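This report concerns only the one structure given below.
Quick caveat, the model's predicted, so the values are computed rather than measured.
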Amino acid sequence: MMRKKRRTSVDKGEATAITTSKFHMEAKKSRSTGRQPKGDVVEEANQSVFAVFLRDAGVTLKQGGTSNEIAVDQIVFQKRIQQQLQKSPRYPGIIQEFISGLESHIEDPERFRNCLLPCVPQLSDGDASTGDGGLSIPRIIINQLKWLDRVVDSKELAVKLMELVSVAPVEVQRDIITSLPEILEDSQHNDIARQLNSLLQENTQLTVPILDALSSLNLSSSLLTEVREAVMSTLTAVQLEDLPVVVKFILHSVSASDAYEVVCNLRKKLELEQCVLPPVLQASQNRMKSKGAALPASTPAAGSSQDSVTLTLDGIKSAVRFQKTISEAWLKVGINKKIKKNSCFVLDLLALFILHSTNANQSRRGAERVLKLKVRTGLIQEALLQRTFRDYSQVMRGYFPSILALAQSLLRSTDPCVVPFGGHMYRHSFTAFDSYCQQEVVGSLVTHVCSGVNGEVDVALELLCGLVTEKPSEMSLYAVFVKGILDYMDNLAPQQIRRLFHLLSRLAFGQQQQGAHIQDDMHIVIRKQLSSTVPKYKRIGIIGAVMIVGSMGVIALLELVKSSSESTPDAAALYYDELANLILTSTLDPQVSFPFPARVMYNLDEEESQGGIAINLLPLLAQEMRVSPLCLSPFFRLLRLCEEKQHQGNLEEIDALLGCPLILTDMDIVEKVESLSKVEREYLCTLLFHTINWFREVINAFCSQKETEMKMKVMTRLQNVTYLQTLLEKSLAGSPGYVPPVANFDGESTDGAVIGSITAVNKTKKGKKRKAPGKSSSESSSQLDETTDAVETQQVILFVLKDQSEKEKEKEVRQGVNLGAYRQFFRELDMEVLSVLQCGLLSRTQLDSELHTEVREEVLLGPAELVFLLEDMLRKLEFSLTASPAKRAPFLKGRTDKSVGFSHLQQRSSKDIASCCVQLLPALCSHLENCHNYFQTLLSENNGVVDGPATDVHEHQLMSSAYQLLVQVLNTTFSWSGFSQPGQRSLLKKALGVLAGRLKEGGAELTLEQLIKHSFEYLVNFRSTMPSLSTALCLSQLLATVSEKGGNSAAYREQTASLAKGFLSQSWVTASGEKERGNKFNEALHALLSIYLELVDDVLKAVEEIAGEGIPELLNASKDESSASWPTLSRQTILVFYKVLMAKLEKAVKKIPAGKISDNTEAQSEKLLTWNLAVRDFHILVNLVKVFDSRPVLNVCLKYGRLFLESFLKLGMPLLDYSFKRHKMDVQSLLKTFQLSTRQLHHMCGHSKIHQDTSLTNHVPALKKSLELFVYRVKAMLILNNCQEAFWIGNLKNRNLKGEEILSQRSQASDEEEEEEERSMQPQGQSEDEVLFYLHVLANLSAKVSINVNILLYSCFIHI
C-alpha cells in the first residue's frame, strides 16, 4: 500500500532510496554552504558504493563522536542519490550493493548512532562533535518511522509495532504508542484503537500515552463512544497524575448528543474528594517537611495533588470554553431536579466557578442562576463550601475573580435564601487566600455597605465584624478601607451605625493596637458630630461615642457626650438609651454610667411606705422644667439595667416603682374630648402617651421577676396599658393632626411628620372591667369586681373614674383610630415580656397593714391583654423571621424606616428569636385550645349560631382577634427560612414535637415526617371553630407551611385543598349577625381561593365548577344573596372570584406541556383534552362579561385574556399542528369554541374605545396584536397540513358588548341596506364576515378531511 503524508517527496521508485534518505530526514532545515568539507573522510577498506554515493551526493560520514555532515539541502541530497542509482550501469543490481554497504557501515554501534542522529550543516571550523547526551536509541529509531514518504506494507508494520509493544520495556512502549498516529495510515486507526483500548484495560501505566494516541486517531463515532465508555469505567482507578489527561480525553471526544450523559457520568465518577489528603495528614506532612524528614515514596504530596486537581479543572475549563455543548451540559446537570440533598460534590461547586470564569455571557449568567437554585433548594450548603476552601485552596485561588463576582451577586440578590451563602463565600475567601484577595474582599464588602440597600448593608457589616473577630491582625491592615464608610453614614440606619462604630472601635482600640492610625480620625468625627446642631448628626455622634466607650472604657468621652446632649431632651434620652444598651450587651461597669445609687435618685428609703411614692406627670407637662418627660422612660431603663447588673438581676431596691401610682388628670374628660380646645386635647393625648410608655418600660423591667406578687403587679400594669389604649384611641379620634411625643430616639425625628392614613374603625367602648364570663370563658377572662378592687388596693392609678359597671352597660359605639399607625411613638417591649404568655393562672395575696391575709383571689390573662401581647409578638416575628427581599430606596424619595421601634430586637439574631418562640409554643397552644373551647361552647350554647342572644359582642371580637393572632404567630414561626438549614433541624423537630405532643405523647422519638403528620392532624382539629374568614385563611396557610417542612408535602395537598374548599363553602357571619364584608374580607377571600386552586388536583375542573355552577346561581338571585353552592360568592365578591379564576386558569395552561412531533396518539389525545377543558373554561369566563360588565371585571378579562391567548399560541398551537390529521374533530371543536371567545374579546376592545376608558384601552393594542397573531397562526397550521385553501380572511366589524355594530365604524351608506338584509338571515351577534369566514373554513376543511358539512353548518350557529 502506498500513501502520501504531510509533505510531498520525490518519487524514487525504489524502497532502498527511501531507506537511504531516511537517515537524513531530521536535517530538513539545513542548507548547502557551497564549500568543500574540511573534515577527514572515512576511509573505507573496500571503498563501498554506499560511501562513494553519499560523498558525491553531499553527505560526509564521520567517525567517533562527531555527527555526520551534510553540505546540501535534504531534498537535493535525495535527488542526487536517486539519480546516481538510476544512472549507474549496474542498475538495478547497484541497489543491493548500496544496501550491503549501509549494513556493513552500521554494524559499528557508534556509526549506527551517528546515522540515526540528524546530520549537521558543514561547519567552517570542522568542529561537529556531539556527545551521547543520554539519548534513547529506541526512541530515535521510532522517530525515523514517523511521516515516511512511502510504506510498502503498512499493515505488517502496524502488527510488528504492536508486537513490540507487548514485549518492550514501559518507556519504549510509551514511545511507540505515542508515535502510532504519525506512523499509521488512516485506514488502520480503528483497528489500532481497539487494540489500544484493550491494552488500556490491562495496563494503567500506559494510560497517558494511549489516550494521547487515541486523541490523534481518526475514529468512527461508535468506536469513539466505546473507547470513551471504557476510559470512563477506569476513571476511579486512574493515578492522580494521569487524571488531567483522562478527563481531557473524555470531554474532548464528546458529541452534542452524548454531552449530557458524559457530563453526568463524569460528575459521579470524578471523586475529587479522594484526590487530596485530609487536613490532619496535610498538617503532619508539612511538619515532617519542616523537620527535614523524608516522605515515603507512596505518599502523595499535598502540593502535587493540588496541582493535579488544577490541571484536571483546566481540562474541564478548556472543554467548557471551546465546546458549547459541554457548557450547556454542565448547566443542564446543575438544574437537574433529580439530584437529592447531600448528593452534591465539590466538583459541582468547582464546575460552577469554571462556567462563570469563561468569557461567554451565557455561561456566566447560567452559573449564577444554577448556584442560586442549588443554594435555595439546599443542595449546596455552607459545609460543602467550607470543605472546598479547606481542601482546595490552591485550586480555588485561580478562580478568585469568579468567586468574588458570584459572592457579590448573591449578596445583592432579592432572594433572602441565597444572601447568607454569599456571605460565606466572602468569609472563606478572606480566610483562605492571600493578602491581595483579602484586600479585594474588604473593598467589596465596603462597597456593599455604601450601597444603601438595607439587607445588603446588614450582611456586609455583619461579615466585617465577624472577620475582625476571627482575623483581627489581618483586618487591621485594611482599617483605612473600613474607615471610608464614615463618609456614607447618611444612608445607614441606627443599628447599622452601631455595628459600624463597634467594628471601627475593635480595629482602632483592639488589644494589638495595629489599627491605631485611625483613632484620631474617629475622635475628630465623633467630636464634630456631637457639636453639630443638626439632630441627625448629633444622634450619630452619640451612638458612635457610646460604642467607642464600650471598646475603650474611657469615662472622659462619656462626659463629653453628656455635656453635649443635656441641653436637648431628645439627645439626652438617646444618650440614656444607648448607655443602657451598652450595659446590657457589654461588660462595662455600671458605676461608670450611673454613679449614684437608685435609692438616692428616686428617694426610695426603706422607712417610707409604698403608699408615699407617686409619679406626678402633670407638672412635667404643664411647666417648663429642667427635666423633660421624654427622659423619664429612658432614664428608668438605664436605672433598671444598672441595678440588674450590680445585683445579678435583683430589682429589690427599685421594686416600689412597679406599684407606685401616676398622678394624672380626671379621665372622665375623655368622654367630652370634642368639647376641649385643641391645646387641651393635645395635652391629654401627650399625657396618655407618656403614661403608657412609662408602664411599658415598667413591664420591661419587672416581667422576668420570679416572685408571685411581682408577677401580679406586672399583670395589673398590663391591664392598665390595655385600658389606657382605649382612652387614647378615643382621644386621638378627636385630635386630628396631632403629633405624639417621640419615644424611640435613635430614628429620624417625627416633628412635622404626617401620620399615615389613620382609618377610623368602629370599636366598642372598653371599660376597666369586662363582663363576667360564662362557663366556657372562665379560664380566659378576668373577673369584674376583683379587677377593680385590685386596682384600688394597689393604688395603681389615682384616677377619678366613673362607675365601671355603668361603662359596661353602655352600648354606644364610638369611633376610634388604629394605634398601629402610632407604633413608633410607643416604647419597645423586650422579648422577655412575652414570657407573660406562660402565666395561665396566678394567685395574688392582698395584705393588710398588719401583713395578714385578707382576700385570696385569682387573676388571669384576659382576652384584651392576650391580644395586646400577641400583636406585639407578631410584629416582632414579622420583623425578625420574615425575610423580605432587599430593595433599593427609590430615587428622590424619603425612605420609611421600618426598623423604628425594634432597636432592642435588632440586637438579637433570628435564631435567638426562633428559639424563644419555640419555648413559648406550649403556652401558645394552650391559648389556642382555650379559644377553640370558647367558640365551641359558644356554638353549642347557641345551637350552632354565632350571633346568639347570649353572645357578648365585645368579648367575641377579642377572642376572635386572639384566635387569629395565635394562628398567625404559629404560621410566621414555622415560615422561618432558617428551619431549612441543617443546623436548625433539631429546633424544627422540637417545635413540631410541641404540636405533635398535644395530640400524642412521645414526640421526641418520632421522625420528622411523623412529627409533621401529627402536627398537621392537631391543627386540622381547629377547623370547626374558625370565627372569621381571615382566621380560616391563616389556618390554611399554617397547614400549608407545616406540610412543606417535610419531603412529602404532596400528601397533604388534598387535605388542605379540601379544608379551603370547606371554608369557601361556608357562610361567614359576625357576632352582631351581619355577613362579613369589606376590603379585609375580600383580601382574605382572594388569598383563600388562590390557595384552594393552587392545591387542588384538577385546576381546570375546579374553575369550571365555580364558573359554570356557582356564578350562574347569582344571575337570578337578589343583590344581597349569595350562591347556594359557594356562599362566599356574591355580587359583592364576584370581582374577587373572577380575578382569581382568570389568573389561575392562565397559570394552569402554562404548565401544559407543548406539543411535540414525537408524541404518540395517546399523548396527543391527553393534551388535546386538557386544552379543550381550558378553552371551555376560558369561554365561560369571557362570556360572563356580558352579565357582569363592570369596569374592574372588563379590566381583568382584557388583561388575562391576552395572557391566555399568548399561552395558547405558544403551547397550544404546536399541539394542533401535529394533532390535526389524527384528531380532526377535536381540533375543529377546540378552534370553534376558542373563536367564540376571541370574538367576545374583540367586542370588549370596541367597548373600551367607545367609552374612552384609559384603564381599559391600555390593554387593547397588545390584545389586538395577539388576536391577529392567532388568525395567522391558524393559517400556518392549515398550510402545514396541506389545507391552505380552507383559509379565507374577511373584515371583522367592531361591535360593543351587546353585539351591536359601532356606528363610527359602519361602512358606506350604499352598502348599508344590503348588509341589513343579509344580516337578518344570520343569528344575532354574528357579522356577515364572521359567518362567511367560519363557513368557508369549515366547508373547505370538510372537503379535505371528509367531515359532514351539515353538522359543521349546524354547529357554527350554536350560541352560548
Is it true that [X] and [Y] make a salt bridge, defined as a side-chain N closer than 4.0 Å to a carboxylate O?
| X | Y | result |
| --- | --- | --- |
| Arg827 | Asp577 | yes |
| Arg498 | Glu578 | yes |
| Glu382 | Arg427 | yes |
| Glu707 | Lys711 | no |
| Glu1009 | Lys1013 | no |

Given 3.5 Å as the limit, does a donor-acceptor pair link the side chain of [X] with the main chain of [Y], or not?
| X | Y | answer |
| --- | --- | --- |
| Lys1045 | Ile1012 | no |
| Asp415 | Leu410 | no |
| Thr882 | Phe879 | no |
| Gln1010 | Thr1007 | yes |
| Thr972 | Leu877 | no |
| Thr431 | His428 | no |
| Gln381 | Gly378 | yes |
| Thr1031 | Pro1027 | no |
| Asn1021 | Glu1017 | yes |
| Arg1053 | Glu1094 | yes |

| field | side-chain contact (heavy atoms from CB on, under 4.5 Å) evaluation trace for Leu874 with Leu870 | value | CA-CA 6 Å; Leu874 181 60; Leu870 290 175; over 6 Å; no
| Can you list the steps and then say if His647 with Glu652 is a side-chain contact (heavy atoms from CB on, under 4.5 Å)? | CA-CA 9 Å; His647 300 93; Glu652 184 179 354; over 6 Å; no
| query | How far apart are the C-alpha atoms of His1014 and Arg998, what are their side-chain angles, what is the distance that settles it, and do they pass the side-chain contact (heavy atoms from CB on, under 4.5 Å) test? | reply | CA-CA 9 Å; His1014 294 310; Arg998 313 293 291 193; over 6 Å; no
Could you report the tightest heavy-atom contact between [X] and [Y], atom names first, then the distance?
| X | Y | value |
| --- | --- | --- |
| Ala923 | Leu837 | CB-O, 3.6 Å |
| Val449 | Leu464 | CG2-CD1, 4.2 Å |
| Leu641 | Ile583 | O-CG2, 4.1 Å |

Show me, pair by pair, the donor-acceptor contacts under 3.5 angstrom made by side chains of residues 963-970, not counting sequence neighbours?
residue, atom, partner, partner atom, Å
Tyr963, OH, Thr1025, OG1, 2.8

For [X] and [Y], test the side chains for any donor-to-acceptor distance below 3.5 angstrom and give the result as yes or no.
| X | Y | answer |
| --- | --- | --- |
| Tyr1018 | Glu929 | yes |
| Asn693 | Arg696 | no |
| Gln496 | Asp458 | yes |
| Thr722 | Glu865 | yes |
| Asp746 | Ser903 | yes |

| field | Sequence-distant partners of Phe745, ring-ring contact (aromatic ring centres under 6.0 Å, His included), two or more places apart | value |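 In terms of ring-ring contact (aromatic ring centres under 6.0 Å, His included), with neighbours along the sequence ignored, Phe745 is linked to no residue.
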| field | Candidates Cys916, Cys703, Ser880 - the one meeting side chain to side chain contact (heavy atoms under 4.5 Å, CB included) with Met831 | value |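 Only one option passes, and that is Cys916.
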| request: Check the pair Ser409, Lys372 against side-chain contact (heavy atoms from CB on, under 4.5 Å), reporting the backbone distance first and the verdict last. | output: CA-CA 9 Å; Ser409 175; Lys372 290 179 181 178; 3.6 Å; yes
| said: Once salt bridge (charged side-chain N to carboxylate O under 4.0 Å, His left out) is applied, what residue pairs with a partner in residues 903-919 remain, sequence neighbours excluded? | reply: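 Salt bridge (charged side-chain N to carboxylate O under 4.0 Å, His left out) check on residues 903-919 returns Glu832-Arg908.
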| query | Under 6.0 Å between the ring centres of His424 and Phe389? | reply |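 Distance test on ring centres: not under 6.0 Å, no.
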| task | Look at the aromatic rings of Tyr822 and Phe825 and report parallel, tilted or perpendicular, splitting at 30° and 60°. | result |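 Tyr822 and Phe825: tilted rings.
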